[in-house]
Structure formats: structure tokens, C-alpha cells
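Index from 1, following the sequence.
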Amino acid sequence: ECVITLTHAGYIKRQPVDTYQTQNKGGKGIIGMTTKEEDFIEKVIGVHSHSYLMFFTNIGKVHMRKAYQIPEGSRQAKGSAIVNLLPLMPQEKVTTIIPLSEFEDEKYLTMITKKGLIKKTQIADYKTNRKGGIYAISFNEDDELINVMVTTGSSEIFVATNKGKSIRFDENDVRLVGRSARGVRGITLDEDGQDEVIGMICIKDPETESSMVVSEQ
């Protein structure tokens, strides 16, 4: 078992899970990563070293690596630049990391763009060994991929925008399409161009689960 850490500036590393120890409430914690000034940790994922890692980027591409291919670093190390691991284009940035133990036919990847485009495709359609990655979704030049989730076919989707608006709907309202398809409208945004999607969560059990929304201020 290991922990993958990725920072906002694009530094990534792998550490053994026992680097971190359980503490009581109010514990001081330990430094898990050294970051450059103004950089900060964005993603922390617990995986098995032989798990697949799907790196989705803002331009709609997905890159595949095994967890053990992420360079291991000490607790104090800032990690390796992810551009040395993935052939990212200028301005291309990893927005989501999906860990998978296997590519199950009965599970899906559901993705949302900044302009409200949503797409659902079987996970198996994205299994690839192509070093340069493959396109997971296509969209207009002024759009970008915001988030990707694994869904089961029986979940509910909750989408929120930066103006505080939200929509919730059954996952099955989104038609299943192939990898080369574009997707469909998931939420209609204001015509003034100021609103955009900032988040999406998957609700597996609406009867028991709650959601927490935090504003910028």
C-alpha cells in the first residue's frame, strides 16, 4: 500500500502508507511533503503499488501509469515534476487522478466540463498503453475538463457552479456513449458567460448521504 501526492505546481511522489501514523484528535501532525513557496498539495490518494492510475487533464486527455511507476520520495522531498512522467502539452494540467485495481465493465467514468458538458462511458473503453495518452472527451476551445468520477450506474450526480447554483439528477439520465463521443448538456449556465461548473460529486445512497458545500469566503 502506498500514498500518491500531487501538488498544484505539478510535483508528484509516492510514499509507503506507513509513512503516516494514526493520531488522536488535536494531534500536531507531521510534514508529509516539502513544497515550493506558493505551492500546495492538491491531491492525496491511497492505492496499491500495482494499481492503475488514470491521469485526466484539463484539455480532455487521459494518461495511464501504474502506481509503482511514480518515483518514490522521502517525507521531506518535494517530489518529481509530473512533466517528466507524463508527456503534457504547454498549459496542460492534471485535474483528476482515478485509481483502479481493474477495468470493470459494470462501472463507468462520468466526466464534467467547465461549460457544463457531461459524458458517461464504460471504464473499459479507456484502457490503453499509449505513452502519449488518449483523448477522453472533446469540447470547444473555451472549455476544459473539470472533474471525473467512477460511477456504478445507480448513482445520483450533483453539479455545482461558481455562482452557487446546483443541479442533481439520476446518473441514468446521462446516455452511455463511446470514448470518441462528445457528451451532452449536464447543466445550463447563464448566458452572460460569467458562470461555470466548479465541482461534481457522486451520491451513491441519497437516503443516508449528506453533502457539504464550502464557499470561497
Check this for me: does any side-chain nitrogen of one of [X] and [Y] sit under 4.0 Å from a carboxylate oxygen of the other?
X    : Y    : answer
E171 : K120 : yes
D173 : R168 : no
E42  : K93  : yes
D190 : K165 : yes

D170: side-chain hydrogen bond (donor to acceptor under 3.5 Å, both in side chains) partners, not counting sequence neighbours: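 Counting only residues at least two positions away or on another chain, D170 forms a side-chain hydrogen bond (donor to acceptor under 3.5 Å, both in side chains) with N172.
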Going by atom types alone, do N58 and T95 pair a side-chain donor with an acceptor below 3.5 Å?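 Checked: N58/T95 side chains show no N/O donor-acceptor pair below 3.5 Å.
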Checking T110 against T151: is there a side-chain donor and acceptor pair closer than 3.5 Å?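 The criterion, which ignores hydrogens and geometry beyond distance, is satisfied for T110 and T151.
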Test of understanding: clusters of I, L, V, M, F, W, Y form through side-chain heavy atoms closer than 4.5 Å, transitively. Do [X] and [Y] belong to the same one?
X    : Y    : value
M54  : L86  : no
I118 : L176 : no
V62  : L109 : yes

First locate atom CD of E156, then atom NZ of K204, and finally report the distance between them rounded to the nearest 0.5 Å.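 The CD atom of E156 sits 13.5 Å away from the NZ atom of K204.
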How long is the straight-line distance from CE of M64 back to CD1 of I98, given to the nearest 0.5 Å?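 I98 CD1 to M64 CE: 11.0 Å, rounded to 0.5 Å.
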Could you tell me whether the side chain of [Y] reaches within less than 4.5 Å of the side chain of [X], counting heavy atoms only?
X    : Y    : value
H63  : P87  : yes
R179 : I134 : yes
I123 : V150 : yes

Is the Y52-F103 ring centre distance short of 6.0 angstrom?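 So the answer is yes for these two rings.
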